[in-house]
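The structure presented is a predicted model; accordingly, all values stated were derived computationally and were not measured.
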Amino acid sequence: MKYYILVGEASGDLHGSNLMKALYKKDAHADIRFWGGDLMQKVGGTLVKHYKERAFMGFVEVLMNLRKILGFMSFCKKDIEEFKPDVIIFIDNSGFNLRIAKWAKQKGFATNYYISPQIWASRAGRVKDIKRDIDKMFVILPFEKEFYKKYDYNVEFVGHPLIDGIAGRPQVDEFVFRREHNLGEKPIIALLPGSRKQEITKMLSVMLSLVEKFNDYQFVIAGAPSQSFEFYNEFINNKNVQFINNKTYDLLSISSASLVASGTATLEAALFKVPQVVCYKGSAISYQIAKRIVTLKYISLVNLIMDKEVVKELIQNDFTSKNLEQELIKILEPNTREQLFENYYELEKILGGKGASEKTATLIVEGLK
């Protein structure tokens, strides 16, 4: 069968790569063409566009790059028509994917969506469009199935793919890892400022302002594969901090605490059982718009899934050096850490265990028979 997969960011590249591996197991002669990243490219298939080319974040940034985005959409439609896939698989990235899905459905292509757009966070009215344009939806958060049920749309809960990615990775030898990256013996505080330039620019300097206040710890930046060291170095500015690129999981596995940009990384830190403070700061205009349309109590996946404040969230004006310092002190205290660990273990149970990629691939392939 011919599969066309559309991914728009680093987390989608990870989940897309694991889905591709599972698809190849189910369909050894699969012909896969995709928009994705380095991880998907390593699995096989044909890369059309890299997600780095269209990593725009926030309302203002999207508006400023609208002409470029429309150009990508036009090219994508033409490429799909020439490839003639048996199914199009959309992974997250709703702004782009839902527009392509509307066109694809009208053209008669089979449409599957893996990792639902976060319509439960804002603009729930988009369920109407999803029901019209998406043949099958595979969701990864337990509350999403109930959300869609309210709108008479039956979706498949397949579990969270991060559990597979973490469970399947080789164990890190901490001594060797520290030696290879010149980390010394101090306990590590991991800094995960996001993968896009806009969010790194807004948050990394505030995170780095704590370095000299916690001399008993080693601060280490987890570099995103989409950004160069030169970009991060503008913020490091001779501070006593280490930088490790594209080895976030290895770093989290040996970290004592973390400062994490809101997004998938909050869940990754929780699954590695690393105490964290969740950080978010966007442009003033984007934040004001988001505040008016987002209907959630929390922004981190950890708190959303648990439906209570498990990890502290410092959002926009609350994201200051002083507040971050206070919250980091708290998560380094034994009592706070013990409570966090208990909540993290409960979270993992709720997420449904291993096998998300395999389940999704099986449902997609069986649906084409």
*Does Asp307 have any salt bridge (Lys or Arg N to Asp or Glu O under 4.0 Å) partners at least two apart in sequence or in another chain, and if so, which?*
Lys297
Using residues 7-14 as the side-chain source, report each donor-acceptor pair under 3.5 Å to any protein atom, sequence neighbours left out, with the distance given to one decimal.
unit_1, atom_1, unit_2, atom_2, d
Glu9, OE1, Arg196, NH2, 2.4
Asp13, OD1, Gly37, N, 3.1
Asp13, OD1, Met40, N, 3.0
Asp13, OD2, Asp38, N, 3.3
Asp13, OD2, Leu39, N, 3.1

*Counting N and O atoms only, with roles assigned by atom type, does the side chain of Asp92 sit under 3.5 Å from a partner on the main chain of Ile115, one being a donor and the other an acceptor?*
no
*Going by heavy atoms in the side chains, are Phe219 and Leu208 under 4.5 Å from each other?*
no
*Is there a path from Val310 to Leu271 through hydrophobic residues (I, L, V, M, F, W, Y) whose side chains come within less than 4.5 Å of each other?*
yes
*Assign the ring pair Tyr151 / Phe147 to parallel, tilted or perpendicular, where the plane angle (0 to 90°) is split at 30° and 60°.*
tilted
*For Asp250 and Val172, indicate whether the former's side chain and the latter's backbone hold a donor-acceptor pair under 3.5 Å.*
no
*Are any side-chain N or O atoms of Thr111 and backbone N or O atoms of Ala101, one a donor and one an acceptor, separated by less than 3.5 Å?*
no
_Using a 3.5 Å distance criterion without hydrogens, assess whether the side chain of Asp173 forms a donor-acceptor pair with backbone atoms of Val176._
yes
*Set of salt bridge (Lys or Arg N to Asp or Glu O under 4.0 Å) partners for Arg179, sequence neighbours left out*: none
_Side-chain donor-acceptor pair present, Ser209, Ser321, cut-off under 3.5 Å_ = yes
*Would you list the pairs meeting salt bridge (Lys or Arg N to Asp or Glu O under 4.0 Å) in which at least one residue belongs to residues 69-83, sequence neighbours left out?*
Arg33-Asp79, Glu81-Lys107
*asked:* Tell me whether Lys197 forms a cation-pi arrangement with Phe231, defined as NZ or CZ under 6.0 Å from the six-membered ring centre and within 45 degrees of its axis.
replied: yes
_Side chain Glu313, main chain Ile299, donor-acceptor under 3.5 Å_ = yes
*Quick one: do the Asn245 and Tyr232 side chains pair a donor with an acceptor below 3.5 Å?*
no
*Residue that, paired with Tyr113, satisfies ring pair (Phe, Tyr, Trp, His ring centres under 6.0 Å) out of Tyr148, Tyr153, Phe90*: Phe90
*Do you reckon Leu251 sits in the same ILVMFWY cluster as Val241, going by side-chain contacts under 4.5 Å, direct or chained?*
no
_Within residues 129-143 or reaching into it, pairs that qualify as salt bridge (Lys or Arg N to Asp or Glu O under 4.0 Å) - sequence neighbours excluded_ = Lys105-Asp135, Asp129-Arg132
*So, do Tyr114 and Phe138 have ring centers that fall under 6.0 Å from each other?*
no
*Between Tyr249 and Phe272, is the gap from one ring center to the other below 6.0 Å?*
yes
*May I ask you to check whether Phe229 and Phe243 place their ring centers less than 6.0 Å from one another?*
yes
*May I ask you to decide if Tyr280's main-chain N or O and Glu199's side chain share a donor-acceptor pair within less than 3.5 Å?*
no
*Determine, using the 4.5 Å side-chain heavy-atom cutoff (strictly less than), whether Val206 and Leu191 are members of one ILVMFWY cluster.*
yes
_Pairs flagged by salt bridge (Lys or Arg N to Asp or Glu O under 4.0 Å) wherever residues 334-353 is involved - sequence neighbours left out_ = Lys273-Glu348
_Check whether Glu144 reaches the backbone of Leu141 with its side chain - one donor and one acceptor, N or O, closer than 3.5 Å._
yes
*Within a reach of under 6.0 Å around CG of Asn215, are more than 12 heavy atoms found that belong to other residues, nucleotides or ligands?*
yes
